[in-house]
Every structure is written in structure tokens, then in C-alpha cells.
Trainee: 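Just passing along the structure, written as C-alpha cells.
Counting starts at 1 for both ligands and their atoms, in listed order. Because the structure is predicted, anything quoted here is derived from the model rather than measured.
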Amino acid sequence: MKLKQVLINIIGNAVKFTHEGGSVDLTVERTAQFDKKSTLRFTVSDTGIGISKEYLPHIFDSFSQEDSSATNKYGSSGLGLAITKSIIEMMNGNIEVRSEKGKGTTFTVAVTLMDSERRHDEINELVIDTNNMSVLVIDDDPVACEHAKLILEKIGIACEIAYSGFDAIEMVKLRHARQNPYNLILVDLKMPDMDGIETTREIRKIVGHESAIIIITAYRWDDVLDEAISAGVDSFIAKPLFANNIIEEFRSALHKKNSSKSAKPQTDLKGRHILLAEDVPINAEIMTMVLAMRELNVDHVENGRAAVSDF
Ligand code: ADP
């Protein structure tokens, strides 16, 4: 709860002091692990107004603000960072700030916490090698394509673009022929001529199940869900796209594929005892035969009363 308060304060400031068109990034890293504890480093960087060299040493003082008009302009009190710093110190952590006037600010918070008892989600353990991942984005809207490309390339994922289902099919065929299929195909749902579902159906004919296909849409998808799934869609993502949503959905699509591929191991029931209550003799006979094939021992009785009484 306290950590959340710290991050909300720092990220809130970053958003507040960054003008439209700028960006705010949060990264979390585990920098050390020992004795069931982990040190986490949170880095919040913005491309905002920055902080002057003169003010920087006072940034954590109570009621301090670089620009007192900020009280009115940004609705600030100058208390947030003083409180933030004291919370972090109570957690034996530390907070640092680097900034350049007009360029932006980076706050780094490091805290050492007990590892959670909670087990990792199996899905999250699927490691995705983003460097070797290739993505095809299919969308008739060039701005949407550009946006997808931008956010994917920012996290190191190579991305190609097709402005229609027809173009996409040609690109998929080419990759398939070169045995270098796209790992992930993002398809816009609503496109003229050939929509996302039809495009998926055609792509599936070429690639089978080797690529994950995710529909991206600004609309509701519940009314097309069944049709999309039977066309071979693995998942859906709402626009605007965020890199981590794409990775999460990709990961869960892979997980689904992997778990359906590895057939569940047959449980060995050999030698177990089964009590069968069945009044129709022929049914009982068939059941006994089927169970005996798995080397199960069957006691047959004719009804429930007999089943619960000692025999
Ligand atoms: P408040 O935001 O309520 O004024 P804080 O203690 O959180 O109080 O911040 C104190 C001052 O530090 C802010 O008024 C601002 O001048 C400066 N500041 C904090 N974060 C940033 C940032 N990301 N970019 C620029 N200035 C910042």
C-alpha cells in the first residue's frame, strides 16, 4: 500500500509536469535477490519541464516548490515528495532524482522487500524473446499502424505493416514459403473489403497454427467472438494498443497453444477398486468390460441402497 502511494505520487508528478506530446515511462527491475528478499528498482522518467540545479537539492523538503505559482497552476502543495521520501526511508529504501531543466526528470526508488509466497503464474513463466520476434500489423488506418509499430519497436520487436487483408495474405505466404513465419499477427477487426475475421480465416489456411493471431479493435467484440474464434483468432485487444497488453495476450495465446499441444498424461488407474451401481444388466456388463480394459477391479451392485450398505 505504501509503495503504491510512493509510485502514485512520483508518477502523478511526472504526468503533471510533462506537457502534452511528452512521455512518462515506468520500469521495474529486480536488482538483487537474497535470503527470500528482493531489491526492486522503480524508475520513473518523464520528458517534462525538468528541475533547475538550484532547486534540485531542496526537492524533498516539506512545502517546497520550484515555482510557487505551481500551487495554483498544478494544484500542488509541495508536500508529496517529502512524504514519499519519509515512507521510503521507513522501508529502508532510497530515492534519487536526476533532472535537467527543459529536458525531463528521472526518479529512482529502490526498496528491498520480502519475496511473496504467491506462486508465479504459469503463464508469466513463458519467456518471450522479443529480440527474435516478428510481428505483422494489419490495419487500414495508417496512423494505427504507425502507432503499433512505434510501441513495438520501442520494446525491441520488429514489426511489418499491411494496409489490407489482401496485402497481408501475400506477406504471410512469402514468410511461410521462407519458413520464417510471423510470430504474431495483429489484425484490425473492421477493414473495408476483407475484415479482420475473413483475413484471419485466409491466413490460417496458409500458416495453420504456427502464428498467434490477435484481433485489435476499438469496438466491442462480444458479438463476433464465436465467429472470430472459429476463424482461428487466438485473442482480442482493445485499441489504443499498449506494448505490455500485446505481450500479455501473446503470452497467453502461446500458453493456450502449448497446453493444447501437450496431451494430458493418462492417469494410471490400474488396480483401483470401483463400485458400480447400475440396475440395467447390459449397461453394467459394458461398464465392467470398459473398466477392466484399464485393469480396474469392479464391484457391481444393482442399486444405490446396495451401494451404501456393507457387502
Ligand atoms: P507537489 O507536486 O504537491 O507540489 P511534491 O513534493 O510532490 O509537491 O513536488 C515538489 C516540487 O517538485 C513540485 O512542485 C515541482 O516543482 C517539483 N517536481 C516534482 N516532480 C517533478 C517532475 N517530475 N518534473 C518537474 N518538477 C517536478
Side-chain angles (χ1 to χ4, degrees), residues 1-33 37-116 130 143-144 146-157 237-248:
M1 195 182 85
K2 289 293 168 197
L3 196 54
K4 196 167 168 184
Q5 194 178 339
V6 163
L7 290 172
I8 286 176
N9 194 9
I10 298 173
I11 297 168
N13 275 341
V15 172
K16 191 158 67 178
F17 296 107
T18 301
H19 297 306
E20 211 175 304
S23 69
V24 174
D25 281 343
L26 164 68
T27 59
V28 188
E29 299 151 279
R30 172 151 65 187
T31 54
Q33 191 179 17
K37 288 182 186 157
S38 291
T39 302
L40 300 182
R41 181 165 63 205
F42 299 85
T43 311
V44 178
S45 16
D46 65 58
T47 58
I49 62 171
I51 301 164
S52 67
K53 272 200 210 86
E54 296 71 37
Y55 178 64
L56 208 55
H58 304 288
I59 189 141
F60 297 112
D61 298 349
S62 302
F63 302 110
S64 88
Q65 289 173 335
E66 178 163 18
D67 169 8
S68 54
S69 71
T71 317
N72 302 326
K73 199 156 70 186
Y74 299 107
S76 318
S77 65
L79 266 181
L81 284 176
I83 297 171
T84 298
K85 188 171 166 66
S86 73
I87 293 175
I88 296 166
E89 282 173 354
M90 278 192 268
M91 296 169 90
N92 290 323
N94 77 301
I95 178 165
E96 283 169 15
V97 55
R98 279 180 291 121
S99 188
E100 202 177 323
K101 196 79 192 155
K103 288 253 169 81
T105 305
T106 299
F107 279 92
T108 312
V109 172
V111 279
T112 301
L113 303 166
M114 294 289 290
D115 285 342
S116 165
T130 47
V143 176
E146 217 32 63
H147 175 242
K149 197 172 160 75
L150 208 76
I151 59 167
L152 286 168
E153 287 181 350
K154 213 169 164 190
I155 55 167
I157 297 177
I237 305 182
K239 284 186 191 175
L241 296 178
F242 292 100
N244 47 355
N245 287 2
I246 299 175
I247 295 296
E248 270 321 298

Trainee: Heavy-atom distance under 4.5 Å between the side chains of Ile95 and Phe107, does that happen here?
Mentor: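 In short, these two side chains touch, coming nearer than 4.5 Å.
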
Trainee: Side-chain contact, heavy-atom cut-off 4.5 Å: Thr27 with Arg41?
Mentor: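 Thr27 vs Arg41: side chains apart.
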
Trainee: Going by the order shown, which atoms of ligand 1 are within less than 4.0 Å of some heavy atom of Gly80?
Mentor: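 Under 4.0 Å from Gly80, ligand 1 has these atoms: 5 (P), 6 (O), 7 (O), 8 (O).
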
Trainee: Counting N and O atoms only, with roles assigned by atom type, does the side chain of Ser99 sit under 3.5 Å from a partner on the main chain of Ile51, one being a donor and the other an acceptor?
Mentor: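 Pair found, side chain donor or acceptor close to backbone of Ile51.
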
Trainee: Is the closest heavy-atom distance from Phe107 to ligand 1 below 4.0 Å?
Mentor: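 So Phe107 counts as touching ligand 1.
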
Trainee: Going by the side-chain hydrogen bond (donor to acceptor under 3.5 Å, both in side chains) test, which pairs reach into residues 79-90, not counting sequence neighbours?
Mentor: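 As it turns out, the side-chain hydrogen bond (donor to acceptor under 3.5 Å, both in side chains) pairs with a partner in residues 79-90, which skip direct neighbours, are Asn9-Thr84, Lys85-Glu89.
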
Trainee: Heavy-atom pairs closer than 4.0 Å: do any link ligand 1 to the side chain of Thr84, the backbone, both, or neither?
Mentor: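 Answer for Thr84: neither.
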
Trainee: Should you measure from each heavy atom of Tyr55, which atoms of ligand 1 turn up under 4.0 Å away?
Mentor: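 Near Tyr55, meaning under 4.0 Å from one of its heavy atoms, ligand 1 has 10 (C), 11 (C), 12 (O).
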
Trainee: If you measure from each heavy atom of Ala14 to ligand 1, is any distance below 4.0 Å?
Mentor: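 Checking ligand 1 against Ala14, which is what was asked, there is a heavy-atom contact under 4.0 Å.
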
Trainee: With a 4.5 Å heavy-atom cut-off, do Gln5 and Ile83 have their side chains touching?
Mentor: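 When only atoms from C-beta onward are counted, Ile83 and Gln5 do touch, with a gap below 4.5 Å.
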
Trainee: With respect to Leu81, determine whether any N or O atom, backbone or side chain, lies less than 3.5 Å from an N or O atom of ligand 1.
Mentor: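 Such a contact does occur with ligand 1.
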
